[in-house]
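So the structure is just underneath, and the comments pick up after that.
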Amino acid sequence: MLELILQALFSGVLQGGSYALIALGLALVFGTMKVINLAHGELVLLAAYIAYTVESSLGVNPVFAIPLALLIVCAAAVLVYFLVDLIRQDRELNSLLLTYGIAIILTNAIQLIWSADIRSTGSAWFQEPVVIGPLYSMRSELVFFVVSLALMTGLWWWLSRSWYGRAVRAVSSQRDAAKLMGVNPRKTELVSFIVASILASFAGVALFSYGVIQPSYGHVLTVKAFIITVLAGMGSIPGVLVGALLLGVTEALTVTLASSALQELAGMCLFLLVLFVMPNGLFGAAGRRG
Amino acid sequence: MLRVEELSVCFGGLTAVNKVSLSVGTDEVVGLVGPNGAGKTTLFNAVSGLARPSSGRIIFDSVDVLRAPLHRRAKMGIGRTFQIPQPLHELTVRENLLVAQRFGAGQVDQQKIDEILEFTNLAPKGDREAAKELALTELKALEVAKALATNPKLLMLDEVLAGLETSGKRRFMAMLKELHQKFAVGILIIEHDIETISNLCQRVVVLNFGKLIADGAPDQVFRDPEVIKSYTGADHAGSR
Amino acid sequence: MKTNASIWVLLLVAYGAIPLTLGSNHYVMSLLVAALVIGGIALAWALLGNLGGMVSFGHSAFFGVGAYVSALLTLKAGTPIVIAMLLGGVGALLASLVMLPVLRLRGPYFALAILAYAHIFKIIATEWTAVTGGSAGLSSIPRFPTAFGFDFSGKVGSYLIILSVVLIFALCYRLIRASDYGIALRAMHDSEDATRVIGVNSVLLKALMLFVSAFMTGVIGAFNAHYINFLEPDYAFNGLWVTLPIVAAIFGGYRTILGPLIGAVTVYLIDQLVFKSLIPYGHQLILGALLVAMILFSPSGLVPLLRASVRRNHAAG
Ligand SMILES: Nc1ncnc2c1ncn2[C@@H]1O[C@H](COP(=O)(O)OP(=O)(O)O)[C@@H](O)[C@H]1O
Ligand SMILES: [Mg+2]
């Protein structure tokens, strides 16, 4: 029993890595633009399907799909940005509806191109088991967990050190003041969209390499990313990482101790619990309340 | 009626209101002065419930209202105006008052609304859309009218005279002078102009950098060297 | 005067001309019933958006809960359908109670929370097999009975029921909008703080709108369950029950009462007759594109646009 629980904790943590990448993208765009991109999960899924295509048509490891995924997903994200930017009135509300519409388009386009069937990787190298003491994982899970950590470290470095990163943070906290300091908020918004889509591309390829994908999954991913940001209080990178690990672990434990059908329910209950008990998220950050 | 004790309000690192204590009686008209950024509006926000104090107490009618939500305070009789007029969008002037009366005072009384419209010189504009069709003087009058319609015991006026031209200002002054008697409200009024304050108020309170630096009769307070220094040293925007 | 007259004409057409001329055409009648179902949800959705200032992506939860509550009550407790339908609405209202903590959150948080929340009900309906029959679903849900010598279980009968339900809801919406509460809610839209400091309890008012909207959607869901006599979680809680109404409401104009209804009939018929033949699987893609186009080019919808052009023609003529 204990072994099972340990194993679930381990798998949950590994899964949390990709969740964190997805949630960070959502939070980054929300930070600069005050827009929740409801098509974010679909962008992740798009990357996953590109990985599937590359693997099945070229017969290579899905990792090699990353450059192509980056290209296409970034292009799609830039398009989303320009559409959102076209909104003239009541942006907070209309951007939700707009990105919801884009999400519908993407889900259906994915279904038209790749059909509604469930897909998963056939790469033997990725599915190879890796055993660490009593714990087991697929090689792909470990590889992408490390990649996620590296990306998050990179993001943290970029946000705190580079000029653009600091501009992004400035726009997030004090838009008008940032303008006065010579930061172009629109440029930083675009940059945040692109960075979010880079994270989404990696997360998508990761999801495909150790799980199953289907067209309706994008929507689920958006919801998960949102739950994580609520857990984290839309705050810092470490906050989002902890929120993501928490969700991953909760899901894995539910699958182990109850049933895989209840996996999503567990995440939702965690979410409602936090909303009721700590309306500002686990890590503070006021300003969400109306 | 209103007693504020050791009240502080912080925004991040900035202490906008710093341990301020003051009181306003039922039959008093009290002036609140101080340079821009002194924390006057923030004090109003804390009393009306829009800003959350970090410490201190707010007693209204012997009830601690610190934790009471905005709308409850309004119903208890705390009325206020906004420095930048905030008419209710999409509504006519009359509907503005109607909402204020229905929810703030509890019942609708058309006669009272007419009376308030008459008093604030808004009677001819009753059916105009408030947010789009009023001039500044009228918007400021609507602020007062809206607050009056909630049947307040305490009326907090935030720079209602600022930005008005001379004739509008004169009419507004006449209105303010009557307000206290006619509607039986205690008044706390933010105003930069010393003459106006001396003219209207029995007592004046001075804030500077969030701290209360004087509290007393106008002619005394405005002779206080510290007050004079705060005024001449920091205030550029005050009209005089 | 003129709008009154046109409303009477519309009523006459809806209750008289359509059943008399098209009543025997089952295909057309079923299209109309489905369009009115979408219209009803669109109306409830727009009420929440227009008066409450909230965008919901989770109305499929209320639709599904209403459907299941009413179906189970008639199947297991033998409750008369009319009462069961109302209780279906009450069930949806109770489901919306869980949303209350979310009401204190600002715009995007509310929208996403309710989206996340809709998932919960679908999972419960699937997993709670003892009561809901799980993914196998519920069948032979009682049909509408015969009353006043008229068989309401047929297409025409169902059409008359849903038409009446939707019109009653539209009337309720109108009454709410004109009430003191409606006026305060309208004010809150652009000046929330200013509305609150004059004594309006904004959270309570928003909660009331959520309740009304959830109740209406639940009743519509209940109607649909008795109309098609069959339920399964994937159907009752399908995202389409919110996607179509959103597109319809935005298309028609969500700040008006008739807009969502007109939008629903238009969008649903075009979707079924045109889009579906263009792309049999995935025709929602076009709905998504329509939503995007509306938000970008005419966010307040077609009804206000038409009204403005009619007014312009009047002025010109
Ligand atoms: N919502 C807020 N967030 C951060 N700082 C604020 C906020 N409101 C006011 N302040 C700051 O608090 C101080 C006091 O402001 P205010 O009360 O408006 O001054 P006054 O009304 O006396 O001119 C100012 O320095 C102002 O910048
Ligand atoms: Mg001020």
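Just so we're on the same page: letters track the sequence lines, and every chain starts at 1.
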Would you say the side chains of Glu159(B) and His192(B) form a donor-acceptor pair under 3.5 Å?
-> yes

Say you draw a straight line from CZ of Arg186(C) to CG of Asn50(C); how long is it, rounded to the nearest 0.5 Å?
-> 9.0 Å

Top contributor to chain B interface from Thr195(C), Asp193(C), Leu204(C), Asp180(C) [non-hydrogen pairs under 4.5 Å] | Asp180(C)

Taking atom types as modelled, is there a side-chain donor on Arg3(B) or Ser23(B) under 3.5 Å from an acceptor on the other?
-> no

Interchain contact, Pro87(B) with chain C, by part (heavy-atom threshold 4.5 Å) = backbone

Does a donor on one side chain sit under 3.5 Å from an acceptor on the other, for Thr41(B) and Asp158(B)?
-> yes

Contact leader toward chain C among Arg102(B), Lys146(B), Lys75(B), Glu95(B), where contacts are heavy-atom pairs under 4.5 Å = Arg102(B)

Segment of Leu70(B) engaging chain C (4.5 angstrom heavy-atom cut-off) | both

